[in-house]
Amino acid sequence: VQGMNEVCGPIYYVMASNPSKDIAKYAEADTFFCFANLMTEIQGNFQKTMDHEKGIGINYRMACFEQRLDKCDHALFIRLKENGLQPEYYAFRWLTLLLSQEFHLPD
């Protein structure tokens with residue numbers, strides 16, 4: 001799936017930044033293990049057949065996000081609705097890439 005390097009990158013950064021060289025030398029293997037398990041947990045976000053399943057799929061995740069936004073910041077929720085901004089416009093990337101593009105990591 002396009003963009004998965006954006007999710008994998010921060011995991012690798014954390015693993016490779018371990019101050020213990022004995023642990024950091026396994027950064028690639030540890031990253032693969034974590035990434036594979038993470039993808040198992042969120043695979044429903046990337047399968048079109050899961051889009052309308054209860055409890056899984058990206059449409060379900062965006063509906064949950066929208067409900068939480070309404071509960072936590074009703075004024076913002078109303079403002080976005082009044083301006084016709086659906087969560088697909090601002091939350092899709094956040095949810096599929098797990099906010100990984102929002103944090104700066106050194107090169």
K.L.:
Given 3.5 Å as the limit, does a donor-acceptor pair link the side chain of N18 with the main chain of S20, or not?
P.N.:
yes

K.L.:
Donor-acceptor pairs are to be reported for all side-chain atoms of residues 64-78 against protein atoms at under 3.5 Å, with residues two or more places apart or in another chain.
P.N.:
{"residue": "E66", "atom": "OE2", "partner": "K81", "partner atom": "NZ", "Å": "2.6"}
{"residue": "D70", "atom": "OD1", "partner": "H74", "partner atom": "ND1", "Å": "2.4"}
{"residue": "D73", "atom": "OD1", "partner": "L76", "partner atom": "N", "Å": "3.1"}

K.L.:
Return the CZ to CG distance between F92 and N59, rounded to the nearest 0.5 Å.
P.N.:
9.0 Å

K.L.:
Measuring from K25:NZ to D30:CG, what's the distance to the nearest 0.5 Å?
P.N.:
11.5 Å

K.L.:
If hydrophobic clusters are built from ILVMFWY residues whose side chains come within less than 4.5 Å, do L85 and L95 share one?
P.N.:
yes

K.L.:
Please report the shortest heavy-atom distance between N37 and F33, naming the atom on each side.
P.N.:
ND2-O, 2.8 Å

K.L.:
If you compare all heavy atoms of T31 against all heavy atoms of M15, which two are closest, and at what distance to 0.1 Å?
P.N.:
OG1-CG, 3.6 Å

K.L.:
Any link between Y90 and M62 through a network of hydrophobic side chains (Ile, Leu, Val, Met, Phe, Trp, Tyr) touching at under 4.5 Å?
P.N.:
yes

K.L.:
Does OH belonging to Y13 count more than 12 external heavy atoms closer than 6.0 Å?
P.N.:
no

K.L.:
Quick one: does L38's side chain get under 4.5 Å of L98's, heavy atoms only?
P.N.:
yes

K.L.:
Can you give me the closest heavy-atom contact between P10 and V7, atom names plus distance?
P.N.:
CD-O, 3.3 Å

K.L.:
Within a reach of under 6.0 Å around CD of Q86, are more than 12 heavy atoms found that belong to other residues, nucleotides or ligands?
P.N.:
yes

K.L.:
Might you point out which heavy atoms bring A16 and A24 nearest each other, and give the distance in Å?
P.N.:
O-CB, 3.8 Å

